[in-house]
Amino acid sequence: MKEQYDFKAIEEKWQKKWEEADVFHVTEDPTKEKYYCLEMFPYPSGNLHMGHVRNYSIGDVVARFKTMNGFNVLHPIGFDSFGLPAENAAIKHGTHPAVWTSSNIAEMESQLKRLGFSYDWDREACTYKEEYYKWMQWIFIQFWKKGLAYKKENPVNWCPSCATVLANEQVVDGKCERCKSEVTKKDLSQWYLKITDYADRLLDDLEKMPGWPEKVKTMQKNWIGRSEGTELDFDIEGSEKKLRVFTTRVDTVFGTTFMVMSPEHPMLHELVHGTEQEAAVEKYCEQVKHLSDIERTSTSKEKTGVFTGRYAVNPLTHKRMPIYISDYVLISYGTGAVMGVPAHDQRDFDFATKFGLEIIPVVDPGREDVDVNNLTAAFEAEGKMINSGKYDGMDNKDAIVAIRDDLKKIGLGEAKTNYKLRDWLISRQRYWGTPIPMIYCEHCGWVPEKEENLPVLLPTDVEFTGKGESPIATSKTFVDTVCPVCGKPAKREVDTMDTFLDSSWYFLRYCDARNDKAAFDPKKAAYWMPVDQYIGGVEHAILHLMYARFFMMVLHDLGLTACDEPFTNLLTQGMVLKGYNDEKGNWIVGKMSKSIGNTVSPEEIVNKYGADTARLFILFAAPPERELEWSDTGVEGSFRFLNRVYRLIYDLAEQTKGIPTVYRAETKDDKQLNYILNNTIKRVTDDIGKRFNFNTGISAIMELVNEIYRYKELEDVNMGLLRYAAETTVLLLSPFVPHICEEMWEGLGKEDSLYFHPWPVCDESALVKDTIEIVVQINGKVREKMDVPNGLDRDGLLAYCMEQDAVKALVEGKNVIKTVAVPGKLLNIVVKG
RNA sequence: GCCGGGAUGGCGGAAUUGGCAGACGCAGGGGACUUAAAAUCCCCCGGUAGCAAUAUCGUACCGGUUCGACCCCGGUUCUCGGCACCA
């Protein structure tokens, strides 16, 4: 240990030692309790940013802490390495996506290594490699065999700029999540995964996951959007057909005064064919086609629509009602048609007002402030039934059940559950992804490639035009093949998979990353899974986290995994922000962004202060879930603290050389240091292990260091205690800043790596004080603080305090009405006068 | 509009079960060391009044419960995030 803290030399030295000794490599060990600590793997953009550093620093603290606590810790890393940027780079620079990707991965690996994260690199998984996507294809085929993959022609979300389709989840505000272009609709034949089959399980299991943030569970719940209601049929005048609608408010059926169909409703053209209204209806449908989703779903937009010329008949009232079409009715939800109840639905109210349709109230809350016969807006709350025949007087909630049952009896309705969740569209018209291993044969239809022929390799003889069809279609070697079933000429699917499939099972591959016989060995997966702690950005709250849960359930149902939920505990870390001046000169604190220029590169910080300082600052500046504002002076502060610790340990290593850590705390100062020392062990253990509040854990160690500085300058110091304090400080700090701690550990004469050293244990007896400070309050206000003997009960504390002169003076001449004594905490005396 | 967070000094943030508000750090002020600077070490640091001891106000706002509220309850404002014509 040198006198100066030479972070560069120290970090290089220990990273090399760790690598040579292969300390982070783990294997299944049934004699030890396992702990799987996982951070979301990065996309290999080429450079680590501060968000990565934060994510991986949090994970590294947890992994190292659990290892020191005796767990067999799996802490893997890999790269989510298929995707559009590699392809765009290929178009721009004429290089192959694989070249761009692998050089970026190499660069990021070295950056990760420079930060000293404790990854088992032997388990590294890169999704673009054959050894990975081979098993991705195998899993896809298992889905297909189970009936969970199908191809279907549908209007799909199309991004004209990326020239590919998008999943519903990838359309944000009607725009492409990636490039922000407006998304349009296009009819295409595409592959889907039947995630809707798992909608109930995905929703219900959320209740069983106490280790997930409420926020994420709510977001998934809303996304799945389960809605329980009733489907019922309306007769169409002059037609054999019935118009089926879905409603959650079947109690309002007597208030229906019109019907609305979606312009895309399959029955529409037949209904209007040959009528006077046909031209107007077709014209409206044509207009709607040209609207983007944003324009169409804008709530501020005034309702539009056209009368179809046809009438429906209410099955309960036999009332005759006009059928309209309007774009506010979505073909993709429910039955694509609704019953219009203007009195009790705001959208229907707006529509009825615009078209001068009748408004009949059927639910009345019986309150003065609501006049249902004179509504200015729809009344959507609860009340008693009116204008509803035999149901009048019932609570509307009861009427939902009663009316649904009656409709069922006459065969015109039934209970029905609807979901917002749609099947997952996974085809992408791109090159840089896993080829969908399906073959189309004119005789056999769609059939999968034989499993023994996997992987279906990405062809290399392709042109990257960036337009239209998948570039794979330009390959002269790929498309033509033979049918695996009948052997006749057939054609391969040229689309690739959404990269979200790759990331839906990578945590399973880590359990057995080098397996070339299977995606993973179920026994190994059974040992490691589920992930005990998953850490990543909240931006994946819906997409990735729900897809991964879906995959896990399917793989469980296939008998490949024991558990059906992948992540027991989830931590969503906050973003890294930095302040900057905008065009007007205002000080804005926002997300670090290259286009704004308010970024700090990890590399720069590591070069200037070292990896330990970067890690320490990022963990200290804010609790992990909250946003973190970058502060250059804050980084300096973290660096100063590490120097301060280094100097302390350097001094103590000399001063306490060869002294055993056996001691008895004799003096008041000994006892105080011993107390703070053990209390710090307890606090840091809780802060890392239970609370995930690394910032307060680090604060506690700072306080301990301040106390040791104070203590060591005293005349009468206990060398054994001091030695123990020094060693403990290094151990407590080591999950946060491992390099400097290894160096100090060595400086203290230790030969083992502290990576495997047992975590310090709090000596509870040191926490028992002879006297404790309690607070004396008068009417709830602090008036006095005094030391009292420890262990006094309620009465003893009261009696002791009332004897003290200071307390006597406080109550003198006053009328004591009540006293509240809380042992170990305080005494509150309520007085009058 | 609906659903979730959040609001505490000049700043980031503490307060773990209803019990000393402001730990720890940053910035700032003062001092020691130094020829000087850097580094380091020590002290001060919410507002108001006061030389001071101390008093008093103070956790977005209004009200409530309690001996006692940053914490629990009711209402309001602002703010961040998610969803949004889902019948």
**Asked** More than 12 non-hydrogen atoms from neighbouring residues, nucleotides or ligands closer than 6.0 Å to NZ on A/Lys682, yes or no?
**Response** no

Using a heavy-atom cut-off of 4.0 Å across all strands, would you classify [X] as base, sugar-phosphate, or nothing?
X        : value
A/Arg691 : base
A/Lys690 : nothing
A/Val329 : base
A/Val782 : sugar-phosphate
A/Glu214 : nothing
A/Phe620 : base
A/Gln777 : base
A/Arg710 : nothing
A/Gly637 : sugar-phosphate

Decide yes or no, distance alone: a donor-acceptor N/O pair under 3.5 angstrom between the base of [N] and the side-chain of [X].
X        : N     : answer
A/Asn828 : B/C67 : yes
A/Lys785 : B/C20 : yes
A/Lys825 : B/C20 : no

Stems field, RNA chain B, Watson-Crick or wobble, 3.5 Å, at least 3 pairs, by first number, holds B:1-7 with B:77-83, B:10-12 with B:24-26, B:28-32 with B:40-44, B:46-49 with B:54-57, B:60-64 with B:72-76

Please tell me if A/Arg640 has a side-chain N or O lying less than 4.0 Å from either OP1 or OP2 of B/A27.
yes

_B/C57 phosphate, OP1 or OP2, under 4.0 Å from A/Lys781 side-chain N/O_ = yes

Side-chain donor or acceptor of A/Asn598 paired with backbone N/O of A/Gly579 under 3.5 Å
no

Exercise for the section: Would you please indicate if the ring centroids of A/Phe639 and A/Phe617 are separated by under 6.0 Å? Expected result: no

Sorted by number, residues from residues 338-345 of chain A placing a heavy atom under 4.0 Å from RNA chain B are A/Val338

With syn meaning chi within 90° of zero and anything else anti, the base of B/G12 is anti

Name every donor-acceptor pair, under 3.5 Å, that has one atom in a side chain of residues 224-234 of chain A and the other anywhere in the protein, sequence neighbours excluded.
unit_1, atom_1, unit_2, atom_2, d
A/Arg226, NH1, A/Asp200, OD1, 2.3
A/Arg226, NH2, A/Asp204, OD1, 2.8
A/Thr230, OG1, A/Arg404, NE, 3.1
A/Glu231, OE1, A/Arg244, NH1, 2.7
A/Asp233, OD1, A/Arg244, NE, 2.9
A/Asp233, OD2, A/Arg244, NH2, 3.4

Atom CD of A/Gln220 and atom P of B/G81 are separated, to the nearest Å, by 21 Å

